[in-house]
Amino acid sequence: MKTEIRFYNTLLHDVEPFATQEADQVTMYSCGPTVYDFAHIGNFRTFLFADLLRRFLEAAGWEVEQVMNITDVGHMTEDDLADGGGEDKMEVSARRLREAKKAGRPDAAAVDDPDDPYQVARYYTDAFLTDARALGLAVADEYPAHMPFASQYVPAMQDIVRRLIDNGHAYVASDGVVYYSVESFPDYGRLSGNTLDHLRSGSGGRVTEADQNSKRHPADFLLWKPDANHIMKWDSPWGEGYPGWHLECSAMAMALLQKDVIDIHTGGEDNIFPHHECEIAQSRGVTGAPYFARFWMHARFLQVEGEKMSKSMGNFHTARDVFAGKVTGTPVHPAVLRLELIKSHYRSHMNFTAKGLRDSAQTVRRWTEFGRRLEQEANGNSQPPDDHPVVQRFMAALADDLNISGALAEVLPWMANCREKASTALGVFRFVDDVLYLAALQEKGAGTRQTEEGSDEVAGLCRQLDEARTARDYTRADALRQQLIDAGYEVRTTPAGTTAHPRLA
RNA sequence: GGCGACGUAGCCAAGUGGUAAGGCAGGGGCCUGCAAAGCCCUCAUUCCCCGGUUCGAGUCCGGGCGUCGCCUCCA
């Protein structure tokens with residue numbers, strides 16, 4: 001079922017028809033997490049955008065090979081010294097973990113030695129995978145095959161550096177640092193609009209003389225930094241040190257996807273410059289190909305309650321904070337966060353709010369119950385939905401640069417008014433849910449409180465409530481119901497008796 | 001200073017020249033011991049402002065105002 005697909009391509013600054021190099025296959029590289037802290041909802045908005053994109057393409061009949069890196073090689077905290085200096089983020093993380101250990105926080109106890117960056121990375125990688133799987137990131141189920149660690153691809157990065165020096169795209173500066181020469185690459189600036197003349201005039205005095213001394217051009221960026229004292233270092237022909245941070249994606253994309261040119265590269269909008277611009281320069285400098293990725297797709301940042309999310313604003317939420325109820329006051333099921341983060345268009349502002357989360361919870365609950373009802377009525381038998389008008393329109397909306405609102409506008413009213421044969425509807429439901437991945441996440445049970453359906457105690461209270469109602473002791477019945485509600489349950493009266501389900505948000 | 005995105009009801013949000021999708025919330029009703037859930041009905045003469053093009057503009061053009069992002073680690 002291949003509808004005409006159109007995506008906004010950052011490289012073109014416009015929408016264009018989607019096409020791949022090989023007929024039924026898509027190679028896709030998604031910039032992944034840095035593992036020196038817990039991933040936050042902004043990170044996950046970008047990752048979930050990539051996941052939705054992937055699931056949509058799969059539903060449309062493509063075979064998608066997706067790779068997402070795990071950045072465990074630290075970067076500098078400040079860029080004044082971006083080309084070699086500042087405190088490494090792994091060091092910052094180590095310090096934070098040391099403090100957490102001293103304070104006896106249980107999460108930090110998992111790391112024996114905070115000064116070992118690999119242990120720190122391991123710890124936050126595990127946390128990331130837990131959160132990512134809870135949110136239904138398909139690629140997280142393909143760890144480690146499709147989720148490589150940057151630290152394990154340093155030889156491949158060095159290979160790129162060597163080849164760039166050999167063919168004149170890179171040079172060893174007077175201080176021993178290896179730089180990429182942006183002037184050797186005429187297309188530099190095409191992705192971001194930051195062409196060399198703009199960069200020069202626009203640097204706004206922020207680039208100091210001292211940092212730039214050894215470079216041929218102020219925009220030249222680091223490929224290898226000799227630094228024997230660095231927390232993470234490797235041997236190299238240019239001295240013991242560490243690689244430039246743009247290198248890892250070039251190296252891993254080419255190594256794992258086995259291609260000089262990949263079909264789609266995703267990331268957050270902040271990656272456009274300098275990260276992706278530099279990646280393009282490096283990769284094409286090595287391959288000589290006219291593209292590194294054919295389609296560049298970027299998700300916009302989200303805001304929280306109308307403001308920029310930042311630690312200083314106090315509105316900075318990790319995914320696990322949200323699950324734990326930090327935002328809404330009650331635990332939030334991962335499927336709810338998933339919907340909340342994918343339900344607005346990836347290329348527009350999204351405002352993350354507690355209210356939005358509650359709205360999403362409502363939708364997730366209805367959708368899931370709808371699916372359960374269909375499964376039951378159809379006895380699990382579904383009809384192929386390919387030519388169903390709802391599926392057609394759902395896919396047509398997504399084919400239009402991932403128009404999720406339009407897609408949901410086809411599905412939600414259909415759900416509310418559905419009078420179709422259960423097996424027909426079930427086929428549609430399953431197809432749509434394979435893309436949205438909401439009910440599937442709920443049924444899978446993501447290890448949250450919400451999946452612990454009715455403990456004995458809760459079931460007991462429900463039974464007592466029914467008894468009280470039968471005995472027409474409504475004062476007692478109301479008290480019991482209130483008790484359940486206060487405990488965070490939704491109480492439902494059905495012909496078969498009262499049931500209670502943990503609230504989704 | 002340079003580059004870029006965006007501004008539609010209380011909130012989220014579709015719409016890419018033909019007379020404002022959808023969801024949530026709200027209001028009314030059915031159901032209920034009362035609720036919840038569900039179902040039915042209802043909810044923008046109007047799309048930030050001002051000009052222009054057109055038979056016709058939320059949609060195109062010009063100019064404002066505003067919000068956001070990047071240019072520096074950040075999804």
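Bear in mind that the values here come from a model prediction, so they are computed numbers and not experimental data.
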Here the distance between atom P of B:rU72 and atom CG of A:L222, to the nearest Å, is 15 Å
Atom-pair distance (CD1 on A:I342; C1' on B:rA75), nearest Å: 17 Å
Interatomic distance, A:K308 NZ vs B:rC73 C1' [rounded to whole Å]: 12 Å
If you look at every strand shown and take non-hydrogen atoms under 4.0 Å, does A:D37 touch a base, only sugar-phosphate, or nothing? nothing
Does the protein touch nucleotides 4-14 of chain B at the base, only the backbone, or not at all? Give it as B, S and - per nucleotide, heavy atoms under 4.0 Å. BBS---B-SSS
Any donor-acceptor pair under 3.5 Å linking the side chain of A:R503 with the backbone of A:T330? no
Establish whether the base of B:rA36 is bridged to the side chain of A:R492 by a donor-acceptor pair shorter than 3.5 Å. no
Quick one: A:F128 CZ to B:rA75 C1', roughly how many Å, whole number? 11 Å
For the residue pair A:L57 and A:F18, establish whether any side-chain heavy-atom pair is separated by less than 4.5 Å. yes
Contacts under 3.5 Å, N or O only, protein and nucleotides 27-31 of chain B:
none

RNA chain B: 5'-proximal contact among A:G306 and A:M309 (nearest heavy atom): A:G306
Assign A:I404 to base, sugar-phosphate, or nothing according to its heavy-atom contacts below 4.0 angstrom with the strands shown. nothing
Taking atom P in both B:rA57 and B:rU16, what distance in whole Å separates the two? 16 Å
Give a yes or no on whether a salt bridge exists between A:D227 and A:K233, defined as a side-chain N under 4.0 angstrom from a carboxylate O. no
Within less than 4.0 Å of OP1 or OP2 of B:rC73, is there a side-chain N or O belonging to A:N271? no
Could you say whether the aromatic ring of A:F47 and the base of B:rA75 stack, counting only centre distances under 5.5 Å and plane angles under 30°? no
NA contact type, A:A416, heavy-atom cut-off 4.0 Å: base, sugar-phosphate, or nothing? sugar-phosphate
Would you please say whether a donor-acceptor pair under 3.5 Å links the side chains of A:T34 and A:T71? no
Quick one: closest heavy-atom pair of A:E340 and A:S360, and the distance? OE1-OG, 2.7 Å
How many whole angstroms separate atom CG of A:L191 from atom C1' of B:rC71? 13 Å
Looking only at heavy atoms, what is the nearest atom pair of A:S192 and A:E277, with distance? OG-OE1, 2.6 Å
Evaluate the side-chain proximity of A:Q483 to A:Q464: yes if any heavy-atom separation is below 4.5 Å, no if none is. no
Ring-ring centroid check A:F47 A:F128, cutoff 6.0 Å: yes
State, without any angle test, whether A:N69 and A:Y29 hold a side-chain donor-acceptor pair at a distance under 3.5 Å. yes
Using Watson-Crick geometry (N1-N3 plus N6-O4 or O6-N4) or G-U wobble (N1-O2, O6-N3), each under 3.5 Å, B:rC6 is paired with B:rG66
Just by distance, no angles: are the side chains of A:H40 and A:N43 close enough, under 3.5 Å, to form a donor-acceptor pair? yes
Should A:Q303 be listed as having a side-chain N or O under 4.0 Å from OP1 or OP2 of B:rU67? no
Without hydrogens or angle criteria, can the side chains of A:Q442 and A:W367 be said to hold a donor-acceptor pair below 3.5 Å? no
Measure from the side-chain heavy atoms of A:L412 and tell me the nearest of B:rA25, B:rG23, B:rC74. B:rG23
Measure the distance from CZ on A:R503 to P on B:rA36 and round it to the nearest whole Å. 14 Å
For A:F316 and B:rA75, give me the distance from atom CZ to atom C1', rounded to whole Å. 10 Å
Within residues 463-479 of chain A: residues closer than 4.0 Å to RNA chain B (heavy atoms): A:R469, A:Y474, A:D478
Side-chain donor-acceptor pair under 3.5 Å between A:Q482 and A:D478, yes or no? no
